[in-house]
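A quick write-up on the structure given underneath.
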Number of protein chains: 2
Amino acid sequence: MNTSTNSGADHRLICTVDVVLLTLRDAQLQVLLIKREREPFAGALALPGGYVHASVDQDCADAARRVLRDKAGLPSPYLEQLASFSGPARDPRGWSVSVAYVALVAAPQAPQPGQHWLPVDELPQLPFDHGRIVATAVDRVRNKSQYSSLPVHLCAEPFTLPQLHGIYEALLGEPINAVSFRRKMDELGMLEPVPGAKLAQGPHRPAQLYRLRDEFRRTLSLAGRGLNA
Amino acid sequence: MNTSTNSGADHRLICTVDVVLLTLRDAQLQVLLIKREREPFAGALALPGGYVHASVDQDCADAARRVLRDKAGLPSPYLEQLASFSGPARDPRGWSVSVAYVALVAAPQAPQPGQHWLPVDELPQLPFDHGRIVATAVDRVRNKSQYSSLPVHLCAEPFTLPQLHGIYEALLGEPINAVSFRRKMDELGMLEPVPGAKLAQGPHRPAQLYRLRDEFRRTLSLAGRGLNA
DNA sequence: CCAATAGTGTCTGTTAGACAGTATTCC
DNA sequence: GGAATACTGTCTAACAGACACTATTGG
């Protein structure tokens, strides 16, 4: 096969991005699914996604942000490349490559028409290989939650340590020692107390509010030895 | 822009795979580079890579294995997807997506003509964004070596624990406590002693030879709390 | 027996978890 | 003052690192 400087049709493939947008609602990890308007699988619930447009996107992450903006109406949440999925059968339109991203958001506004938040552990069959993509994303997020600051992106700022503690527990599905948790968050050094700001949640001592230090808005902080859940 | 069921040229992009094949030589992590025969960058040293061929590849990993077979003359080493790199400028032929893989091999045969092993810390400028891809791969491998069995794939079987110990130290660039190392390898449970097989390296006690348990040939074993280098 | 490396037993320091105690709020 | 939750001090248990010891080979 001659592959010299040919960049014609044989070497050009269907290329898409898919975004697994996750949030925490009712102490459950939930994923945003969109009702597809077009074939294939018109009418089915699927991940927000779309073609990569060479004319408008600077790279695939840019395409993912565009998809999030257009289909989920979101500004720029935490976004991380997950993996690429490819093959002849995953898309009925033909051999395709999808670069998948994970995005995390804190406060899921009321979903707009056609948007559905579903718990990741109770998903129906999804079109394409979206079931597998979601499973990979959930694995990645749960795994990274064991030793990094990733879950802060599921928490609206400012937040209290007990709130963040609850988020880690919901993600990892098991109780985390509260003393160790505070020690670790302290070591990670990513949080700063909002001076004077406390959150009163009821007839008891209010909790200190914290925010992410700017250095950690786009970077994760990694714990040396995990949170040892 | 109409994106209905159109799968025509606008939505088809240049799609390639690149493989970062790493090995350990002279206690240094080295990467395989190939002298490019074709434009662009003909004559330059670059990662082995090529177009994804929808007609022959089952997925991008398959394309990566084909590239390794054809350009590096290798059977099937440890192969793991790294990340995808995309954009209008990384390839002079146009907007492109490259799905990059990391591969690890043990014994680098004498390189064939056009193949060059170079230490990852002393690379020249590489064409495309291959410098960045190699850097990402090296980060990934060094990072995963801290808490997983990944480095066993850099070691020819059967091997002794002191040999494997040396490989971990070379990767992490710092000494690892030998007692802890043995304890960890034991906990990981991925090695089995080859009955009766010892390796005599000189005028001293020979070391027990080990091999990877079959369950771990394609899967990694993860340590709970890292190797604490 | 000596030198050299392989492998083990055991002590010690560090770190995570348990638990109890103090702090602060609303009633 | 009581109830509830936020936070802290301190003991304990688990684990990694240090070090000394034994094991096994060639000379």
Side-chain angles (χ1 to χ4, degrees), chain A residues 27 145-149 155 157-170 172-189 191-211 221-229, chain B residues 27 145-149 152 155 157-170 172-211 221-229:
Chain A
S145 298
Q146 289 173 358
Y147 61 90
S148 84
S149 62
C155 209
E157 288 185 84
F159 48 80
T160 69
L161 280 182
Q163 287 171 339
L164 189 58
H165 184 217
I167 287 183
Y168 272 87
E169 289 190 334
L172 301 179
E174 48 187 335
I176 295 174
N177 182 283
V179 179
S180 302
F181 182 76
R182 280 168 185 278
R183 266 195 298 242
K184 280 290 177 193
M185 288 304 118
D186 197 41
E187 281 169 31
L188 287 178
L191 301 182
E192 58 186 4
V194 183
K198 312 251 176 181
L199 181 63
Q201 290 270 41
H204 56 265
R205 178 173 175 176
Q208 174 66 51
L209 285 164
Y210 290 85
R211 63 176 164 235
S221 179
L222 303 179
R225 286 177 182 73
L227 280 106
N228 291 62
Chain B
S145 298
Q146 290 174 357
Y147 61 91
S148 84
S149 62
V152 298
C155 209
E157 287 186 85
F159 49 80
T160 68
L161 281 181
Q163 286 172 340
L164 189 58
H165 185 216
I167 286 185
Y168 272 87
E169 289 190 334
L172 300 178
E174 47 189 333
I176 296 174
N177 183 282
V179 178
S180 302
F181 182 77
R182 281 168 185 279
R183 268 194 298 241
K184 280 290 175 192
M185 289 303 119
D186 197 42
E187 282 168 32
L188 287 178
M190 62 180 175
L191 302 181
E192 58 186 3
V194 183
K198 312 253 176 179
L199 180 64
Q201 290 269 40
H204 55 263
R205 176 174 177 176
Q208 174 66 51
L209 285 164
Y210 291 85
R211 63 176 163 236
S221 178
L222 303 179
R225 284 177 185 73
L227 280 107
N228 291 63

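What you see is a predicted model; the values in this text were computed from it and never measured. In the text below, chain A, chain B and the rest are named by the order of the sequence lines, each starting its count at 1.
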* Candidate pair Y210(B) and F159(B), rule ring pair (Phe, Tyr, Trp, His ring centres under 6.0 Å), full reasoning -> CA-CA 5 Å; Y210(B) 291 85; F159(B) 49 80; 7.3 Å; no

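- Rounded to whole Å, the distance from NE2 on H165(A) to C1' on dA16(C) is 13 Å.
- If you take OH of Y147(B) and P of dA16(D), they are 17 Å apart, rounded to a whole angstrom.
- A distance-only check finds no donor-acceptor pair linking the side chain of S221(B) to the backbone of M190(B) [under 3.5 Å].
- Note: CD (E174(A)) to P (dG17(C)) measures 10 Å, nearest angstrom.
- As rounded to whole Å, 18 Å separates atom C1' of dT8(C) from atom NZ of K184(B).
- Across the protein-nucleic acid pair, R182(B) atom CZ and dG9(C) atom C1' stand 14 Å apart, rounded to whole Å.
- The interatomic distance linking D186(A) (CG) with dC7(D) (P) rounds to 13 Å, in whole Å.
- Between Y147(B) and Y147(A), the angle of the ring planes lies from 30° to 60°, which puts this pair in the tilted group.
- Using a 4.0 Å heavy-atom cutoff across all strands shown, Q201(A) reaches no nucleic acid atom at all.
- Shown here are the side-chain hydrogen bond (donor to acceptor under 3.5 Å, both in side chains) partners of E169(B), two or more places apart in sequence or in another chain: H165(B).
- If you measure from atom CZ of F181(B) to atom C1' of dC15(D), you get 18 Å, rounded to the nearest angstrom.
- With hydrogens and angles disregarded, no donor-acceptor distance shorter than 3.5 Å links the side chain of Q208(A) to the backbone of L199(A).
- Listed nucleotides dA16(C), dA6(C), dC7(D) differ in distance to S180(A); the shortest reach to its side chain belongs to dA16(C).
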* How does protein reach along nucleotides 18-27 of chain D, written 5' to 3' as B (base within reach of a heavy atom under 4.0 Å), S (only sugar-phosphate), or - (no contact)? -> BB---BBBS-

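- Summarising the geometry, the separation between CD on Q208(A) and P on dT25(C) is reported as 12 Å, rounded to the nearest angstrom.
- Residues satisfying the side-chain contact (heavy atoms from CB on, under 4.5 Å) criterion with E192(B), sequence neighbours excluded, are R211(B), R213(B).
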